[in-house]
There are 2 protein chains.
Amino acid sequence: MSLPHAILTALLEKPSSGLELTRRFDRSIGYFWSATHQQIYRELGKLEGDGLIRALPAEQPARGQKKSYEVLPAGRAELARWTAASQDPKPQRDALLLRLRAAAVVGTAGLESDLRRHLELHGKQLAEYRAIEERDFPPGEDTPAKRLQHLVLRAGIDLETFWTQWLTHALAECEALADGTTA
Amino acid sequence: MSLPHAILTALLEKPSSGLELTRRFDRSIGYFWSATHQQIYRELGKLEGDGLIRALPAEQPARGQKKSYEVLPAGRAELARWTAASQDPKPQRDALLLRLRAAAVVGTAGLESDLRRHLELHGKQLAEYRAIEERDFPPGEDTPAKRLQHLVLRAGIDLETFWTQWLTHALAECEALADGTTA
DNA sequence: GACCTTTATGCAACTAGTTGCAAAACGTGC
DNA sequence: GCACGTTTTGCAACTAGTTGCATAAAGGTC
């Protein structure tokens with residue numbers, strides 16, 4: 001139940017239309033809370049109905065017409081409440097680990113190429129994060145907001161680093177097993 | 001769409017009833033693919049309907065009566081197919097990172113105590129994983145299946161290690177910011 | 001043998017997220 | 001002025017996961 005709060009955060013950073021939000025979700029916020037445009041439009045409607053955001057007056061509120069939103073004081077209050085509230089971590093779900101566990105029973109045949117693909121994807125993501133870090137977080141400058149944003153980015157970088165290392169290790173293991181089988 | 005495959009894996013490791021599966025999901029497999037008993041019962045019904053598993057003959061198939069399942073050849077084949085198939089990683093969703101990003105806009109007030117709680121939870125999980133590693137993976141013994149299972153466990157250990165370190169870092173940052181505010 | 005708790009199974013309603021498609025306005029070339 | 005693609009918004013149907021509750025048998029207890 002965090003999509004509305006992801007949207008509130010994004011709108012506080014900068015008032016936007018549905019499509020602009022979608023684009024921004026594809027970059028920054030979506031890295032750890034992805035959402036499709038349909039989810040976003042639906043949620044914008046709800047948030048407006050609840051009086052947490054409002055559409056900026058833009059003359060013709062017609063379909064296919066750009067409509068920008070800004071956060072109302074009630075929305076900011078709700079976001080602050082949610083941020084401070086205690087929340088249990090969501091139960092984990094990772095299909096790749098599950099597949100490896102299944103492979104322990106039915107064999108690793110065919111798994112390797114997908115491990116390699118995932119390794120490449122995580123490597124790309126890592127490179128992207130590092131580029132963002134260099135661009136947006138030069139040493140020296142640090143407001144409180146910057147420090148927190150950097151902290152979030154570091155989590156992304158460290159997680160991707162973990163995955164690339166782990167996948168490299170997993171690939172080596174699979175190859176060793178496959179060699180043993182065919183030898 | 002991986003729950004059926006998680007169940008097939010668990011049943012291949014050992015034929016079980018719905019409740020036994022639920023218990024095992026709370027321990028091993030559930031660490032990276034959690035499921036409630038309702039999900040499991042529903043899925044067992046579907047898998048049986050699809051001819052991938054079958055109920056072991058147990059006389060009275062009444063309600064409130066233990067009913068165990070085993071995997072049929074078609075089920076094993078489906079699991080092997082799924083394991084080898086290429087799959088895109090699921091988009092990430094992490095509420096804690098989102099909250100930190102929100103805190104960059106609305107302030108960190110109240111966040112600290114929950115960070116501390118999460119740190120404690122991850123520490124506990126890490127200790128549990130390490131205990132499993134000591135118990136189930138003594139050095140020396142290694143069949144192919146064991147090596148793969150160990151690899152999965154290592155992922156869990158390294159991830160929890162990452163989170164405890166990152167949370168420690170995040171807490172320090174929050175405290176520094178709070179001190180700066182009140183000073 | 002009436003009552004309570006535990007074990008085991010399951011239905012139904014709800015919430016969140018995904019997929020596929022459509023429709024209104026706008027721009028551009030002709 | 002209209003045919004055609006693009007941008008922007010949105011509905012509807014579907015899939016997956018969660019929550020709350022119901023039911024049946026088994027076993028203890030007084």
Side-chain angles (χ1 to χ4, degrees), chain A residues 1-8 10-11 15-26 29-30 32-50 53-56 58-69 82 87-95 98, chain B residues 1-8 10-11 15-26 29-30 32-50 53-56 58-69 82 87-95 98:
Chain A
M1 247 277 305
S2 312
L3 178 57
H5 303 99
I7 292 179
L8 286 173
L11 285 181
S16 309
S17 70
L19 194 67
E20 281 165 347
L21 276 179
T22 304
R23 298 249 163 84
R24 289 170 56 202
F25 266 72
D26 286 346
I29 288 204
F32 45 90
W33 204 275
S34 67
T36 62
H37 70 109
Q38 290 87 345
Q39 278 181 279
I40 289 171
Y41 282 119
R42 210 192 313 179
E43 206 59 47
L44 283 172
K46 277 192 213 160
L47 286 168
E48 192 178 22
D50 293 350
I53 63 174
R54 70 161 181 193
L56 291 174
E59 292 89 50
Q60 317 100 306
R63 198 178 171 134
Q65 195 73 2
K66 198 178 258 181
K67 199 160 81 173
S68 283
Y69 293 90
W82 176 81
Q87 287 177 41
D88 286 329
K90 278 269 130 184
Q92 287 303 305
R93 295 229 163 91
D94 189 297
L98 188 57
Chain B
M1 248 276 306
S2 312
L3 179 56
H5 303 98
I7 292 178
L8 286 173
L11 285 181
S16 309
S17 68
L19 195 68
E20 282 165 346
L21 276 179
T22 304
R23 299 249 162 83
R24 288 170 57 203
F25 266 71
D26 286 345
I29 288 201
F32 44 91
W33 203 275
S34 68
T36 62
H37 70 111
Q38 290 87 345
Q39 277 180 281
I40 290 171
Y41 282 120
R42 210 193 311 180
E43 206 59 46
L44 283 171
K46 276 193 214 161
L47 287 168
E48 192 178 21
D50 293 348
I53 63 175
R54 71 162 180 192
L56 291 173
E59 292 87 51
Q60 318 100 304
R63 200 179 170 131
Q65 197 72 3
K66 199 178 261 186
K67 199 162 81 175
S68 282
Y69 293 89
W82 176 80
Q87 288 175 41
D88 286 329
K90 278 268 130 186
Q92 287 303 304
R93 294 226 164 94
D94 189 299
L98 188 57

Whole Å only: how far is the [atom1] atom of [X] from the [atom2] atom of [N]?
X: L21(B); N: dG10(C); atom1: CG; atom2: P; result: 12 Å
X: Y41(B); N: dG10(C); atom1: OH; atom2: P; result: 7 Å
X: E43(A); N: dG10(D); atom1: CD; atom2: P; result: 14 Å
X: K67(A); N: dA25(C); atom1: NZ; atom2: P; result: 13 Å

**Request:** Go through L3(B) and F25(B) one step at a time and tell me if the side-chain contact (heavy atoms from CB on, under 4.5 Å) criterion holds.
**Result:** CA-CA 11 Å; L3(B) 179 56; F25(B) 266 71; 4.2 Å; yes
**Worked check of side-chain contact (heavy atoms from CB on, under 4.5 Å) between W33(A) and H5(A)** = CA-CA 10 Å; W33(A) 204 275; H5(A) 303 99; over 6 Å; no
**Asked** Between T22(B) and G18(B), is there a donor-acceptor pair closer than 3.5 Å when you use the side chain of the first and the backbone of the second?
**Response** yes
**Test item: E48(B) side-chain N/O and G45(B) main-chain N/O as donor-acceptor pair under 3.5 Å** = no
**Prompt:** What are the two closest heavy atoms between A10(B) and R24(B), and how far apart are they?
**Reply:** O-NH2, 2.8 Å
**Request:** Could you check if a side-chain atom of L44(A) sits within less than 4.5 angstrom of a side-chain atom of Y69(A), using non-hydrogen atoms only?
**Result:** yes
**Item:** Base-contact (B) and sugar-phosphate-only (S) positions in nucleotides 15-20 of chain D, heavy-atom cut-off under 4.0 Å, - elsewhere
**Value:** -SBBBB
**Message:** Applying a 4.0 Å non-hydrogen cut-off, can you work out what S17(B) is touching in the nucleic acid: base, sugar-phosphate, or nothing?
**Reply:** sugar-phosphate
